[in-house]
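Input: a single structure, listed below in C-alpha cells.
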Amino acid sequence: MLALRIFFIFLIACSHSAFALEKTSSVILSGAKTQGGLLFGQVAPTAKVYLGDDQIKVAENGVIVLGFGRDAELAQSLTVILASGKKHIEAINLEKRDYKIQRVNGISKKIMNPNKKNQKRSWADAALVRKARETDSKRQDFLAGFIQPVDGPVTGVYGSQRFYNGVPKRPHFGVDYAAPVGTPVMAPASGKVTLTHDNMFYSGGTLMVDHGLGVSSTFLHLSKILVKEGDEVKQGDIIAHVGKSGRATGAHLDWRINWFKVRIDPQQVLKNNN
Ligand SMILES: [Zn+2]
C-alpha cells in the first residue's frame, strides 16, 4: 500500500497540491511502471496531459489514471501542458514482463468450434463488454485501493499465451482463483455495476463494475450474480458467486481490470496496494 498511501496522503493532506502544481508543472505518479501496470497521478486540474499522442482525461481535482497493456512499448512519455503553456515531459520506462505459456485441455467441441449461432452470440457478448469498458465516469473509487475478490489459489495469471486443446488462442488477461462453486465474490473496490449477464458464450455469468476514470473490473464464469446494472457497490460487498460457466474447465473466478480498452494485470494492482 505504501506507494498508494503516499499518493493518498499527498492528495488528502495537501489540499493546496493542485495550486502548487499549477506553478511547477510537475506530475506525481504512483503505481506499477510495468507492462500490464496501472498508474495514478496528480497534475494541475487545468493541465492537459498526453500519453504519447493520446490525450488523457484530467479529473476536476487533477487526478489522472493511465494503464499499459500486455505488450506496451517500454519507453513511454507523459506530457503535461499547463494553462500557461509551460510544458513538462516525464519519461516512463516500463519494466518488461515475461509471460507464461499455459495449456488448457478438455475444452468441448461446442466451445472450440462454435456454430454460426454461437459465433453470433459471442460477438453480441463482446459488443456488450466493449460498451461497458468505454464507461467514462467521474468516480475515483480506485484511489482507495483494491482487495482480492475471493480466497483461493491462483491458477492462471495475466498475459499467459494460451493453447486450448493445443490450438493457440488469445492471451489470458485475468487472474484466476480456484474456488468451489458458490464461493462469495467480493467487490475488490467500490463502484457502479455496468453490466450483468447470466450466460455469455465464453465467459458464462459475467459482471462488470466501474471504478471511475475508465478503470473497471470484470468477473467471469459466475454461477450467480447478486447485483443489477446501476447498483452502487462498496469494497468488500458480496456481489456474486464463483462458478464454472462458459469456457471454464473447473470452478474458478477470473478477475480482470481494464483501463478503457487496455487490459491491466490485477496482481500488479494488488501488489501496489500492499
Ligand atoms: Zn481465466
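Numbering of ligands and ligand atoms starts at 1, following listing order. Any value given below was found using the heavy atoms of this structure, including those in side chains, with hydrogens, waters and symmetry copies removed.
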Review point. Which residue pairs pass the ring pair (Phe, Tyr, Trp, His ring centres under 6.0 Å) test when at least one of the two sits in residues 184-210, sequence neighbours left out?
Key: none
Side-chain donor/acceptor pairs under 3.5 Å, residues 224-233, sequence neighbours excluded:
| residue | atom | partner | partner atom | Å |
| --- | --- | --- | --- | --- |
| Lys228 | NZ | Asp231 | OD1 | 3.3 |
| Glu229 | OE2 | Thr196 | N | 3.1 |
| Asp231 | OD2 | Lys228 | N | 2.9 |
| Glu232 | OE1 | Arg139 | NH1 | 3.3 |
| Glu232 | OE1 | Arg139 | NH2 | 2.9 |
| Glu232 | OE2 | Arg139 | NH1 | 3.2 |

Exercise for review: Considering just N/O/S atoms, say which atom of Asp254 is closest to the Zn ion (ligand 1).
Suggested key: OD2
Revision key, fill the gap. Answer key: the N, O or S atom of Asp176 nearest to the Zn ion (ligand 1) is OD1
**Study point:** Salt-bridge criterion met for Asp54 and Lys48 (N-O under 4.0 Å)
**Key:** no
Exercise for review: Flag His172 as yes if one of its N/O/S atoms falls below 2.8 Å of the Zn ion (ligand 1), otherwise no.
Suggested key: yes
Review point. Is His221 reaching over with its side chain to a backbone N or O of Ser245, donor-acceptor style, under 3.5 angstrom?
Key: yes
